[in-house]
Undergrad: 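Just passing along the structure, written as structure tokens.
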Amino acid sequence: MALADDGKPLYKDKNAPIGQRVEDLLSRMTLEEKVWQMQNKPNSNIDEVEKTFDGRSFGTTHEMGKSAQECADIFYKTQQYVLNNTRLGIPLLTTAEGIQGILQNECTLFPHAIAQGSTFNPALIQRMAEAAGDEARVIGIRQVLSPVLDIARELRWGRVEETFGEDPYLIAEMGIGFVRGYQNIGIACMPKHFVAHGTPRGGLNCAHVSGGERELWSLYLYPFQRVIQETKPLSVMSAYSAYDGVATAGSAYYMTDILRGKLGFDGYVYSDWGSVERLKSFHYAVETPEEAAQMSVEAGVDLNVDWTYERLPELVKNAGMDIKYIDQAVRRILTVKFKLGLFDDPFGEPEKVRSVVRNAEKVALAKEIADESVILLKNENNILPLDLDKYKKIAVVGPNSNQTVYGDYSWTGSDTKEGVTLYQGLQNVIGKKAVINQVDGCDWWSQNTSDIKKAVELVKRSDIAIVAVGTRSTYLGRGPNKSTAGEGFDLSSLDLPGRQQDLLKAIKATGKPMIVVLIAGKPMVMTWAKENADAVLAQWYCGEQQGNSMADILVGNVNPSGKLNVSFPYSTGNTPCFYNYLPTDREQQFDSGGSYEEPRGHYIFEKPYALWNFGYGLSYTDFRFSNCILNDSIFSQFGTIKVSVEVENMGKRDGKEVIQLYVKDKVSSVATPVQQLKAFKKTFIKSGEKIKVELAVLVSELSLFNVRMDKVVEPGEFEIQIGNSSDNILFRKTISVNELLN
């Protein structure tokens, strides 16, 4: 044990190197004090701080049920207590969910992760995270349990809404912006769920994920590797599921060999809720809770949020567990606390909560993100924007037409009345320019059709119908009410739940123009709507400004610029429908389209392709791409592919376009996708303006994992594709790589 120059313990000297402070503190701790640091202790009552902590300090704490102000007061008092009333005065690492803003009542309700992904604008999401980080700092929160880097390939899975989409490159880019935003404000992020949690068998949330090493590295690890290497997050959350039959939370191979050894992660690992105890009760990998705790600690899970780590002291004392694993975990946790400056100033600023949290600037930012996330999927005869001289009576119907939907991990309750609904937004935006009436017509989940006739009657008296259908999801921790999406709410069918499809058909039968707005946490089967509606828009859960944003888009105040980050299926049976499939999986040698008499390698009654593809999204203006130029045609292993293309706005409206670059390996020793996104840029272009857009791709991004699982760029030809969606490629250029990269 060392002392600073002023006679205080070295760990209290803020000028000493962090490593020395950690080792000094660790040397002073008892076994019990170490194990407390490996656990989370929730606290939600400001009057019971002393009783809750009882002379102890823990690794982390959270409070996710109170208002921002109440939480700020609780955390301030709690930090005071552990600093002044515990033996060593170790501060707590205060945590909260932060995927769509801070999960404390009254914080800004930003759009959910799936909507963030469809903006294709990482810089915008970085601004969102900085704004949410401002709120976290004044509350006293120093770590968010986000972002989710899982991959949305199984659409029946309820947690698709928590992801940035189906593409690993897009997820990495959005995740990097997200983490940098919070980190710029001094908030630690926790990428999750490590690893391969996003495609559970049958879409069931806790089911295992099948796959091998090549899929693990090519797909699931890619976003984590990029985010870890480019942002250096201070923590990672384990998954409670299994990959290839191995429970990841108990696997030293995944949690240590790969995460730390190969990806270079040097923070601490936080368990997903229940993931350690489930090694016994769910995965049946061990027989006792004690064995589960030991397995997880030795695997590399440093801090646990269930109860099993309480058994660690007796394991060390009586069962011979090596204390080096305890020391290793505590060392990592303490290092993060020192890096965040908690030992020197762990406090928030409760007096600033009212001026910082959910102020006008942040609400405006929430709307800006919502505006950029909406995807225009169909616009027959340019019916949108709405001509308010023509449509003077507007019927707004559907179960989501007068309901804000935020998705899981927002702080709202099941009634979600905190934001602006579509109906309210249209009233706000249109005012007296048209008469607007609303009726649900049906609910979002049941088989009750009794109110459909009310919607039909309203539409018959109107000039046009705007029908809002979809899913609903609210915070799992607050008693969700008949959710049809979200954590633990998986679907066996991707058809619109309840009788919403019947509602659409009944409205269509009136003969009135029909605009369909899908408000959902994931793509649903919208084949009938594509064929029959005059216009279709997808609005993922868009936060508290949901209704104002969609209304502005419908009337043309905002030009839609979102792009699909998740492909739409033709039917449930036609999933998975992600764009970056292997050539053998959908394209057949004699591929000419199927029929009942001659399927030609397809399904009998439909083709195995997406209804709307990844990267797709219309605008109220037209963009023309021209003059695509590459910096070279032959590249070495150390090269950078640079592409320039001119984009001209040919229409009468200003707008934003997403220029997308995909790569196809023409011949490869192992199967590679038909195309892979490797660069994109969202750009604002004024009406009549032409600009040059430049994109760059490192040759190393063309790598694959060969038959020996070596990461290499194989020499040969690659096709560089430039377009505005994965299925609208406007330029194809062939390049050659002439050296082997390993």
Side-chain angles (χ1 to χ4, degrees), residues 155-156 158 160-161 203 394-408 412-417 419 421-424 426 436-462 464-476 478-512 514-533 536-541 546-547 550 569 571-572:
L155 297 181
R156 292 173 295 178
V160 167
E161 64 195 44
I394 301 174
V396 182
V397 301
N400 282 350
S401 64
N402 197 23
Q403 174 71 46
T404 48
V405 189
Y406 301 107
D408 207 346
T412 58
S414 59
D415 55 0
T416 61
K417 295 178 179 178
T421 71
L422 173 58
Y423 176 49
Q424 293 167 342
L426 287 166
I436 306 169
N437 292 298
Q438 188 274 337
V439 63
D440 284 0
C442 68
D443 62 38
W444 69 98
W445 67 279
S446 80
Q447 298 301 308
N448 187 355
T449 61
S450 61
D451 286 340
I452 289 180
K453 60 183 179 181
K454 295 180 182 178
V456 170
E457 291 168 0
L458 175 61
V459 172
K460 287 180 177 179
R461 300 193 305 267
S462 305
I464 191 169
I466 300 172
V467 191
V469 295
T471 62
R472 287 200 198 171
S473 171
T474 55
Y475 180 26
L476 179 64
R478 297 194 180 182
N481 181 25
K482 301 179 177 66
S483 290
T484 50
E487 183 173 4
F489 293 92
D490 311 309
L491 291 171
S492 61
S493 170
L494 294 172
D495 292 335
L496 289 169
R499 305 303 292 268
Q500 296 181 77
Q501 188 70 40
D502 292 339
L503 175 66
L504 289 176
K505 291 180 178 179
I507 300 303
K508 175 66 176 180
T510 66
K512 297 297 178 72
M514 181 173 68
I515 312 299
V516 174
V517 178
L518 176 73
I519 300 174
K522 58 185 174 183
M524 306 299 291
V525 173
M526 300 296 289
T527 307
W528 186 92
K530 181 180 181 180
E531 295 171 353
N532 292 277
V536 182
L537 303 99
Q539 184 179 47
W540 310 133
Y541 300 151
Q546 168 197 308
M550 180 54 72
S571 65
T572 303

Undergrad: Taking only residues two or more places apart in sequence, or in another chain, which ones meet S483 in a side chain to side chain contact (heavy atoms under 4.5 Å, CB included)?
TA: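 Once residues adjacent in sequence are excluded, the partners of S483 under the side chain to side chain contact (heavy atoms under 4.5 Å, CB included) criterion are T474, P480, F489.
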
Undergrad: Tell me every residue that passes side-chain hydrogen bond (donor to acceptor under 3.5 Å, both in side chains) with N400, counting only those two or more places apart in sequence or in another chain.
TA: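 Result, side-chain hydrogen bond (donor to acceptor under 3.5 Å, both in side chains) vs N400: R472.
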
Undergrad: Quick one: side-chain hydrogen bond (donor to acceptor under 3.5 Å, both in side chains) partners of E161, sequence neighbours excluded?
TA: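 Counting only residues at least two positions away or on another chain, E161 forms a side-chain hydrogen bond (donor to acceptor under 3.5 Å, both in side chains) with S473.
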
Undergrad: Which residues pass the side-chain hydrogen bond (donor to acceptor under 3.5 Å, both in side chains) test with T412, not counting sequence neighbours?
TA: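 Only S410 meet the side-chain hydrogen bond (donor to acceptor under 3.5 Å, both in side chains) criterion with T412.
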
Undergrad: Are K482 and S446 close enough that some pair of their side-chain heavy atoms sits under 4.5 Å apart?
TA: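 No, every pair of side-chain atoms sits at 4.5 Å or beyond.
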
Undergrad: Can you name the residues that form a side-chain hydrogen bond (donor to acceptor under 3.5 Å, both in side chains) with S450, not counting sequence neighbours?
TA: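 Testing S450 for side-chain hydrogen bond (donor to acceptor under 3.5 Å, both in side chains), a comparison that skips the adjacent residues, returns N448.
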
Undergrad: What distance separates K522 NZ from L491 CG, expressed to the nearest 0.5 Å?
TA: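 Rounded to the nearest 0.5 Å, the NZ-CG separation comes to 4.0 Å.
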
Undergrad: Which residues satisfy the side chain to side chain contact (heavy atoms under 4.5 Å, CB included) test with A465, sequence neighbours excluded?
TA: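 Applying side chain to side chain contact (heavy atoms under 4.5 Å, CB included) to A465 gives V459, V467, I507.
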
Undergrad: Considering residues at least two apart in sequence or located in another chain, which fulfil the salt bridge (Lys or Arg N to Asp or Glu O under 4.0 Å) criterion with D443?
TA: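 By the salt bridge (Lys or Arg N to Asp or Glu O under 4.0 Å) rule, D443 matches no residue at all.
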
Undergrad: Excluding sequence neighbours, so at least two apart, what forms salt bridge (Lys or Arg N to Asp or Glu O under 4.0 Å) with K530?
TA: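 For K530 there are no salt bridge (Lys or Arg N to Asp or Glu O under 4.0 Å) partners, ignoring immediate neighbours.
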
Undergrad: Who passes ring-ring contact (aromatic ring centres under 6.0 Å, His included) against Y475, sequence neighbours left out?
TA: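 Once residues adjacent in sequence are excluded, the partners of Y475 under the ring-ring contact (aromatic ring centres under 6.0 Å, His included) criterion are Y409.
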
Undergrad: Per the salt bridge (charged side-chain N to carboxylate O under 4.0 Å, His left out) rule, what does the pair list look like for residues 453-462, sequence neighbours excluded?
TA: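 Sorted pair list: D451-K454.
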
Undergrad: For S401, enumerate each residue passing the side chain to side chain contact (heavy atoms under 4.5 Å, CB included) test, keeping only those at least two apart in sequence or located in another chain.
TA: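 With neighbours one apart ignored, the set is V396, Q438, D440, A468.
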
Undergrad: How many angstroms lie between atom NZ of K512 and atom CD1 of I394, to the nearest 0.5 angstrom?
TA: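 Going from the NZ atom of K512 to the CD1 atom of I394 covers 12.5 Å.
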
